[in-house]
Structure formats: C-alpha cells, structure tokens
Q: 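Dropping a structure here in structure tokens format, bear with me for questions.
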2 protein chains.
Amino acid sequence: MSAQRPPLTAGRGTRNEGTRQHNLSTLVSLVHHSGGASRAELTRLTGLNRSTVGTLVADLATAGLVFEDEPEVTGAGRPSPVVRPAADVAVLAVNPDIDAVEVGLVGLGGRVIAHDRRELSAPPEPEAALAIAADMWRALADEHPGLRLLAAGIAVPGLVRTADGLVVRAPHLKWHDVDLADAAAEAFQVPTVVRNDARASVVAESIFGAGRGVSDLLYFNGSASGIGGGAVVDGSVLVGADGFAGEFGHTLVNPGGEVCHCGRTGCLETEVNMQRQQAAADAGTLDAELDRQASYLGRGMGNVVSAFNPSSVVLGGFLADLLEARGEEIAASLQGHAFAPMADEVRVVPAQLGDDRVLVGVAELALRPLLADPLAQAS
Amino acid sequence: MSAQRPPLTAGRGTRNEGTRQHNLSTLVSLVHHSGGASRAELTRLTGLNRSTVGTLVADLATAGLVFEDEPEVTGAGRPSPVVRPAADVAVLAVNPDIDAVEVGLVGLGGRVIAHDRRELSAPPEPEAALAIAADMWRALADEHPGLRLLAAGIAVPGLVRTADGLVVRAPHLKWHDVDLADAAAEAFQVPTVVRNDARASVVAESIFGAGRGVSDLLYFNGSASGIGGGAVVDGSVLVGADGFAGEFGHTLVNPGGEVCHCGRTGCLETEVNMQRQQAAADAGTLDAELDRQASYLGRGMGNVVSAFNPSSVVLGGFLADLLEARGEEIAASLQGHAFAPMADEVRVVPAQLGDDRVLVGVAELALRPLLADPLAQAS
DNA sequence: CTAATATGTTGTAGCCATCAACGAAATCCG
DNA sequence: CGGATTTCGTTGATGGCTACAACATATTAG
C-alpha cells in the first residue's frame, strides 16, 4: 500500500462538505473491504478523532449501510462495538458468457448472498442475455424479500468502453457495439455499470483475494476463451484511455508461431491455452507441453513485468493450475525474460477467489460510486 | 483528463486543514502548470468561491510562490489580475550522464532560468558527479543572486528506487547501489530527490510538452545508450512497486535476434538503435534499415499499447527522427501489432521539448512535495 | 472491590469555505 | 461624453465540519 501521489494536472477545489464526504467514504470502504472493524480500530486507521468517527458511523448506520454489532472481547478497557457492513443491501452482478448467463446477489464485504446460472446452447443475443438475467433476478428477489438493491454490474468478456459502458466488441459472444447499460438500468431500476470481466476479476482479487494490501499487481486469467488480464497501479485498476487496458493475452511471445484469432502471430494465448494441453494429453505428451507453456507464460509475464514493475503477479483459471504444476519453470522463465531486478522481487501467486470472482469484482465496480459518496443515494 | 478514481484500498481521514491544503495545492499547481491564470479563471477552474480564491492566492503570494501581475485586457467587466508563478524561486536539476554532467536552474512554470554543462572524458564516479554539480551550482548561484532554491532533483540513467532514491544500478555509469540523496541534500541544503531520467522526461512532456491534457500516454525515448520510457496512467506517472516501471526498451520484438546487454535476446533496443543506423549509413543501406527499425518499433509499441491503452504515444530522441522519416511505416506496424481498436485511436506524436526535457522533468518531481503542501515549507 | 485502562459521549472552540452586499474598474451604447 | 451594464475584488456574517477537553461507561488486573 503506497502513499497516494497527486495527479500531474490539478483538479477542482474542495469545500467542507467534501471533507465529510471523503471521511464517510473512507469509513464505509474500510468496513466494506475488511468485513468489519471496531470503532476504535477505525479511529486508529483513519487518524480521525473518536467523536468524529462516532458521528460519521451513526450517519452511515442511519443510511442503512453499516450497523454496530456486539463488541468482541479484546483486552483491557471499555470494549468497542464492531462496525459491520449492512446485511440487507446487495448489488446485482450479471455475467453473460458463451455457454451460460450467471447472476449473483453480492452483499457488502464481498459476500455472495445468492447466485444462479442458466446454461445456454448457444451464445445469447444481448437482449436475450438481459431478459434471462432479469428473469433470474426476479426469482432471487422473491427468495430474499427485504433485500435492498443498491446497484447492478454487468461483466462482459470483451472490450468495454468505460466512459459509457458500450461493449465495443465481444468476439466470443459475437457482440459488436452493444449498449446494454441503459436497458439494464431500466430493467433493474438501479444505476448500472458495464465492465470487462477480466478487469472485474482483478478488482476482486485485489480487494478480497490474493492481492489484498498490494498496490501494484498484475493479473493473468486463463479461460477456455483465452487469456485476459488486468493491472492494479498504485492502488487503482488500470483502465487506460478507453477502458481497454490489460489485454495481456496478446503480448508477443513467439513471432514465428501460429496465427492468433486477433490476426497477429505468436500471441501469448496462441502458445498457452487449454486446447493445446488437451491435444497433448490425448497424444500422451502433456509433460513436455506443460514445460513448453510454462516457458512461454514466463516469457509473456516477463515482458509485462518489465513494463509495470509489480510486486505480485496473480494467476487465475487454468494458469493457476499451470503454476501449481510448473511453478519452478514459470519462475525460471520469468527470471530470464524480465528486466532484473524487477523479476527478483516479484511474487507469483495463484488467485484465491473461486468462480465467484467475476461477480464479486463487477459488484465492487458497480458499488464504486456509492462508496465514493455514501450519503448521496436517494434513499 | 479523466476524473480521479478512488483507490481500491481506503486511506486516511481528512480534516478542515486538509481542505485548505488541497485547495492551495490545486491553485499553485494550476498556476505553475499553465504559466499564469487570472483569478477569475482560477475561480472557474476550481469551482471555488471568488472570496476563497482571493484569500488563498494572497497566502500563496505571502509565501513567495506566486505574484499578482497586471490584468490583461479581455472584455467587459472589471479586469482580473493575472496570478503568475514567482520568478525568484527555482529548483536545482542535475543530470549526470556518461559524457557530461548537466545542471539547470528551473523556475516555476517549467522555465529554465540557467543551465550549464561540463563535458567528461569518462563516466564519473558518484562522488565526482556530485562535486562537479555542486561546483556548477555555486557558479550559477553567484550569477543569480536573490534566487531562492526550493528543492533539488537528480536524474540518473538507470534503475532508481523511488522510496529512498537509491540508484540500484546504472550500467552506463557503472554505478551500483549508490545512495546520492543524503549527500546531495547536504551539499545543496534543500530537500533532494533522485529519479530515473526517462521517468523525468515523461513528466516533462506530460505537463509542458506533447502530453498536455492527456491522462494516459506512453513515452519512448531513444538515446545513444538505448531506449527508455515511461507511462502516465490516469494522470499520474507510472512508478510501479519499486519505481522501475517503464523499461520499454526491453520489450520482446524478435526472439531470434541478437543478445541484448541485459542478457536476453531480441529486445526492442537491440533491433532499434543508433548504432545500426550508423552502420547502415556507412554501408549505403540506410533506407532499408530505417524501414526495418520502423517495423520493429511499431511492433514494440503495439505490445505496450495493448497493455496500456493510451490515447497518445510520444516519441523522443532519435525515435522522433525515425517518426519524421518513417511515420507511415511505424503507424502501419503499430496497427498490425496492437490489439485493435486500441491502435485505431492512439495518436503517435513527437516529443515537443528539447534537450531540457530531463532537467525540467526532474525539477517537477523534486517540486512535487511542495506543490502538494505549498505552505509547509520552512520559510 | 479498587485502580487502571480504553472507549463512547457531549458541549465548546477553531478552521474553512460560502454567501450576500458593496465597491471598483472596465466596456457598451445612446 | 456619460450613464447603464458587466465583471470582479473585498468584507463581515453564517454554517459546516472536525478537534479537543471533560466526563461517563465498561471492561481487566490484582
């Protein structure tokens, strides 16, 4: 966790209300990301006065975002009540993919309250995906009466423009220039964001998983449809000018290699993928293939590590399995292909969150505006 | 200029004094980066009240950081005095390199007040470089009596750890684990920072050059000693976990190519460099060599562009010359080697600042703490 | 049961920006 | 040329926010 640096170009001024908004945001984020902290801990962490934390927490409780739980026994002195995220609020997370539409209700603290999945025989049209999600949402809402929906987030496997949530293209879904955000906000009746699924995963691992407390990390995710990724830079998710940043699957690792579906040759995901592993397993040459893929993965990681100088690299999906099987080889290849001493310091670790990763991450992204201004909500 | 995103992990609380500090910082940064703005403009840009801007500017003027100049004729209404950066304060910028030590006095607004350069027959030892710089500083100080030194910055061609300014290694200077910061602060009697020279250049181009107003950009600099670089992400310079981020010269572009001095093969800077151009010119095959280098440069840029999704790529040093000579070819290669549609949107432009770039940039980095808390200075 | 410790609570004080009213300095227009 | 208009700086009163000190409360140590 490094200190915040000021932006190169100065922004706008702040007034007294801004101070309050910032402090409320700090507190609710702290509670949400840690899952609960005593008021005394919050006082220490924020550096604010006891009385200030008291009034701010009371406001957040009134707004229904946190509640004060029984104190835990600790040591000498008067026990401090534990401030926990409210249990009756949630974010709707939606993840349409080629073979299914997945929907989850994600509460504060990164807790998955409920989730549902509908298998599909073919990639869905945008409208169909939304209709299916809305259908599942109605069922989940009936099962959880009294749950207050704060926001909705849709994670799409493709290029999503951050500014307006336009899905510029999602090749596996065969979507082009699809605008889901408005229709979804209409359907769910809450503010809705659309984001890239890999970027959502980075956020989830960064806050609740293997990247906790790390301010500079890279994430490589291996799935059936290729290698996605993302980066956390100085504590914030890298989005780039349009929101397309983090396409590490298309780092060059072998110019003489195969043609990638993106039109170029020798991309990381043409050399490291599940199809090759399956073919090698069928041919009885899996060991050699895993060695080969470990080498290329280290090379691809090295390229990106040299650019970003992260303190951790998190591997998810089948890349986590590859790390388990060929950890030494990957590390050696990374050492050989990253600009030392960056490679010396970097830790390569498997992702900690399970399949809920994408849902938890996109819920976090949908929650971001609320966390930034906790009392701005309508009711 | 995109909006600020909150960090993934919440930080500390703010008090009322923090509001004032933030507003002072906003104002002085605005004046410093724009070179001067009327109080009315500052009011509009910050969104603060007229009276607030009035008192804040008065405080900054008392601290000797800005002064109120004669109003410029504009239109109807009472003219607004122009707030300009103070002319009698400066930052000492030092840039030791293999063949010379360069020293500059950089004022607010990015103005180079004076500079001096001492040629060397061999790369200097750290102590010698510092002694030479101190000598030149004394001469410059004598020429500019009344100039108040605010800070000092040393730009080193090598890996510099941001946390403490340790020069981990600077191969061309043959420096290893050199700690200059303390000795320099002692010699110059002001707070001193040590930074990488390419990172300093990025800052300079980002604020005063080709990257003005761009929040996501990449910078590739070609010099006699190789290709350095850096990135601006969401308005802040990318530093990474240790401060080593941005080594784009060692992006893989040709695995079958030559062995790089870094120990690997096919790095961008083994394929694109001045030595090859010189050799080709001697052999009468310069045209073909420029085509070849343009192709490899586009490939290397494409790799990094796919990871960062910048809106601009700035080329400096001999790469700016290559852009002038082979702009079409570089653009075509970038198109072919970056993940579309990132390549469609990116603008490739030459650096705008001259040789003062490194000095201006490292001065800016040295000034950063003061800009963040303008009235914290001793006197 | 008492002392010590740590924490919540309350009322006061201090810092900061806003706001409204007023005055000043230019342009506009008859 | 001179009043109306526009725009901006200045001043004193006002309200929002956190800090602080004093007091109350709840636990542990012995």
Side-chain angles (χ1 to χ4, degrees), chain A residues 11-28 31 36-63 66-84 373-376, chain B residues 11-28 31 36-63 66-84 373-376:
Chain A
R12 296 179 63 79
T14 315
R15 54 220 74 228
N16 282 346
E17 291 81 359
T19 302
R20 174 158 254 256
Q21 178 181 325
H22 175 263
N23 289 340
L24 284 167
S25 171
T26 301
L27 285 174
V28 75
V31 171
S38 74
R39 268 168 60 174
E41 281 179 290
L42 293 176
T43 302
R44 275 189 293 273
L45 289 169
T46 58
L48 295 172
N49 193 279
R50 285 207 298 261
S51 54
T52 308
V53 173
T55 57
L56 294 178
V57 167
D59 283 357
L60 290 173
T62 303
V66 304
F67 71 99
E68 300 203 50
D69 203 357
E70 292 300 307
E72 287 175 357
V73 194
T74 49
R78 174 174 175 172
S80 193
V82 178
V83 183
R84 295 193 190 284
D373 192 1
L375 301 188
Chain B
R12 297 180 62 80
T14 315
R15 53 217 75 227
N16 281 346
E17 290 80 358
T19 301
R20 176 158 256 256
Q21 177 181 325
H22 174 264
N23 288 342
L24 283 168
S25 171
T26 301
L27 285 175
V28 74
V31 171
S38 73
R39 268 167 63 175
E41 280 178 291
L42 293 175
T43 302
R44 275 190 293 273
L45 289 170
T46 58
L48 294 171
N49 193 282
R50 283 208 300 259
S51 52
T52 308
V53 173
T55 58
L56 294 178
V57 166
D59 283 357
L60 291 173
T62 304
V66 304
F67 71 99
E68 300 202 51
D69 203 358
E70 291 300 307
E72 287 175 357
V73 193
T74 48
R78 174 174 173 173
S80 194
V82 178
V83 184
R84 297 194 189 283
D373 192 1
L375 301 188

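Every value quoted in this text rests on a predicted model; they were computed, and no experiment measured them. Just so we're on the same page: letters track the sequence lines, and every chain starts at 1.
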Q: OG1 of Thr52(A) to CG of Leu42(A): how many Å apart, nearest 0.5 Å?
A: 12.5 Å

Q: Tell me which nucleotide among dT18(D), dT7(C), dG9(D) gets nearest to the side chain of Leu48(A).
A: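 Selected nucleotide (nearest to the side chain): dT18(D).
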
Q: Taking only residues two or more places apart in sequence or in another chain, which ones pass side chain to side chain donor-acceptor pair (under 3.5 Å) with Glu17(A)?
A: none

Q: Classify every nucleotide of nucleotides 20-30 of chain C by which part a protein heavy atom approaches to under 4.0 Å, writing B for the base, S for the sugar-phosphate alone and - for neither, in 5'-to-3' order.
A: -B-BBBBS---

Q: Send over the distance from Glu72(B) CD to dT7(D) C1', rounded to a whole Å.
A: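 Distance check: Glu72(B) CD to dT7(D) C1' gives 16 Å.
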
Q: Specify the residue among Gly47(B) and Glu68(A) whose closest nucleotide of DNA chain C lies further upstream toward the 5′ end.
A: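 Closest to the 5' end, via its nearest nucleotide, is Glu68(A).
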
Q: Nearest heavy-atom pair of Gly13(B) and Asn23(A): which atoms, and what distance?
A: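 For Gly13(B) versus Asn23(A), the nearest heavy atoms are CA-OD1, 3.2 Å.
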
Q: With heavy atoms under 4.0 Å as the rule, sort Ser38(A) into base, sugar-phosphate or nothing.
A: nothing

Q: What protein N or O atoms touch nucleotides 13-17 of chain D N or O atoms at under 3.5 angstrom, if any, and at what distances?
A:
from: dG15(D); atom 1: N2; to: Asn16(A); atom 2: ND2; distance (Å): 3.4
from: dG16(D); atom 1: N2; to: Asn16(A); atom 2: ND2; distance (Å): 3.0
from: dG16(D); atom 1: N2; to: Asn16(B); atom 2: ND2; distance (Å): 3.1
from: dG16(D); atom 1: N3; to: Asn16(A); atom 2: ND2; distance (Å): 3.2
from: dC17(D); atom 1: O2; to: Asn16(B); atom 2: ND2; distance (Å): 2.9

Q: Can a donor-acceptor pair be found, under 3.5 Å and without considering hydrogens, that links the side chain of Ser25(A) to the backbone of Gln21(A)?
A: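 No, the answer is negative, given that no donor and acceptor are paired below the 3.5 Å cut-off.
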
Q: Taking only Lys NZ, Arg NE, NH1 and NH2, and the carboxylate oxygens of Asp or Glu, determine whether Arg84(A) and Glu72(A) approach each other closer than 4.0 Å.
A: yes

Q: Looking only at the side chains, is there a donor atom on one of Thr19(B) and Thr14(A) sitting less than 3.5 Å from an acceptor on the other?
A: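 Thr14(A) and Thr19(B) do not have a side-chain donor-acceptor pair below 3.5 Å.
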
Q: Could you tell me if the side chain of Thr43(A) sits less than 4.5 Å from the side chain of Leu48(A), heavy atoms only?
A: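 Not touching, per the 4.5 Å side-chain cut-off.
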
Q: Would you please confirm or rule out a distance under 4.0 Å between OP1 or OP2 of dC8(D) and any side-chain N or O of Arg39(B)?
A: no

Q: Return the value, rounded to whole Å, for the distance between atom CG of Leu42(A) and atom P of dT7(C).
A: 12 Å

Q: Can you tell me the distance, in whole Å, between the CZ atom of Arg15(B) and the P atom of dA17(C)?
A: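 About 15 Å, once rounded to whole Å.
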
Q: Check whether Ser80(A) reaches the backbone of Ala40(A) with its side chain - one donor and one acceptor, N or O, closer than 3.5 Å.
A: yes

